[in-house]
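Take a look at the structure set out below.
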2 protein chains.
Amino acid sequence: MSERGVSAHDGDSRRRLGKADWTAAALAALAEGGVAAVAIEPLAARLGTTKGSAYWHYPSRDALLHATLERWEVEHTEAIITMVGSESDPARRLRVLLGSVLEHAAENQVEIAVLADADHPVVAPVLQRVTERRVSYLASLFAELGYGRGEARRRALLAYAAYLGHAQLLRATPEVLPAARSTQRRYLDQTIRVLTQGGGPSTG
Amino acid sequence: MSERGVSAHDGDSRRRLGKADWTAAALAALAEGGVAAVAIEPLAARLGTTKGSAYWHYPSRDALLHATLERWEVEHTEAIITMVGSESDPARRLRVLLGSVLEHAAENQVEIAVLADADHPVVAPVLQRVTERRVSYLASLFAELGYGRGEARRRALLAYAAYLGHAQLLRATPEVLPAARSTQRRYLDQTIRVLTQGGGPSTG
DNA sequence: GCAAAACCATACGCTACCGTATGGAGGTGG
DNA sequence: CCACCTCCATACGGTAGCGTATGGTTTTGC
């Protein structure tokens, strides 16, 4: 069970590669050029090797893409958990989560790519799992805030839709979004206020 | 100034084609397979002709794509205007607009495709115009509802983000959205309520 | 009814990528 | 020290699309 994936020789150039080297390069390409950029031959060039290596570690391009997305899924999930774990108050957690899209723009590039190719057969299942997990979690937060089951679920959907929509706006037309840091904060404040006011428990 | 684009012979099969025939076929392909499906050779096959025709009317694939997107832009804008024109009350207009994404799923396929390839160099400018126009319009609706400039703009952004997010959810993971017609209505009701409550005039 | 213009078919070459086949190099254990 | 297993390079063939070239076929205008 070594599971190293990336062989030793740290730092050296012409070392031999492992599975993890390929998914790492693929993640970088994913962030820069989207799903289409996860292509064997360009990646090989990028890694200073050839397709021979890739097809040794993975049977096909889709297999590499699959492995890459699964790696992203776990790393991303962990990242969110640790990010949110520092807060205990549900309202603050909500704020951290919703704020993350406005703050870190560059770090979400992989997510943007995944969303862009949502209907790709290899991407879809991953995205499905991530989405369901997130919405459920948001619903639990709203439940903690006192909303009934149905109401919490609906608010969670609305919140998540807002999150996705902002990601889309940030990617495609950032001009329409508030530019100044202060305006962004104000905007975030208002969004959360709007999402968490009115309609108390047993409304759904 | 004939500007027919699609030559006569209505209904016949082996007629000669005009510019408009190509953008029409491209729109269909766009809805079904996204931007990548707007490709000369497949379209030619679909039209029962050859590339020769395409490269007569358009100098390149990107030119065809460009023309197609511009056609979509104007037709889509007109469609929305007529759709909303039947309502006079700003709150009802808001409802019609936001409801459209939940109701008509199939008809928005082109928009979905455009959103998916938002950063494509040919797509981006079109999307930019459409987005800015829509957000401005939404902001004017919120202003009519009594919100101040800044507040109206922020609410418009939130509303539009919710719209975009729902489009994304509908495309990628429809399972998380309410399935039953009645639940959808309820959900739409709540969304609008949440978006239009609190924070009166001169708040921004 | 015939020249000119508009339109289309076919053949070609080019790029980018996929996947296979095969002959190695390079470490590693007995 | 050599057989073996791991890993890689190269060469090949295939697909899908772009764009060009060139000659042919319709229309249209006069």
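Chain naming here is simple, since letters A, B, ... match the order of the sequence lines and numbering starts at 1 in each.
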Touch class at under 4.0 angstrom, heavy-atom based, for B/Thr50 against every strand present: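 Since a base atom lies under 4.0 Å of B/Thr50, the category is base.
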
Atom pair OG1/CH2 of A/Thr49 and A/Trp22 - distance to nearest 0.5 Å: 6.0 Å

Separation of atom [atom1] in [X] from atom [atom2] in [N], rounded to whole Å:
X       : N      : atom1 : atom2 : result
B/Leu43 : C/dC8  : CG    : C1'   : 16 Å
B/Leu65 : D/dC18 : CG    : P     : 11 Å
B/Leu17 : C/dA6  : CG    : P     : 16 Å
B/Tyr58 : D/dT20 : OH    : P     : 17 Å
B/Tyr55 : D/dG17 : OH    : P     : 11 Å

Phosphate oxygens OP1/OP2 of [N]: is one of them under 4.0 Å from a side-chain N or O of [X]?
X       : N      : value
A/Ser53 : D/dA9  : no
A/Trp56 : D/dC7  : yes
B/Ser60 : D/dC18 : no
A/His57 : D/dC8  : yes

Sidechain N-carboxylate O distance under 4.0 Å for B/Arg186, A/Glu151: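 Salt bridge absent between B/Arg186 and A/Glu151.
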
Which atom pairs link the protein and nucleotides 12-17 of chain C when you take only N or O atoms and keep those under 3.5 Å?
none

If you define the side chain from C-beta out and look only at heavy atoms, does anything of [X] sit under 4.5 Å from [Y]?
X        : Y        : value
A/Leu115 : A/Leu164 : yes
A/His66  : A/Asp62  : no
B/Ile80  : B/Tyr137 : no

Ring centres under 6.0 angstrom apart (A/Tyr160, B/His166):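 Here the rings of B/His166 and A/Tyr160 have centres that are no less than 6.0 Å from each other.
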
Check: A/Arg16 side chain, D/dT6 base, donor-acceptor under 3.5 Å: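 Check passes, donor-acceptor contact within cut-off.
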
Minimum heavy-atom distance A/Ala116-B/Arg171, with the two atoms named: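 Scanning both residues, the minimum pair turns out to be O-NH2, 2.6 Å.
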
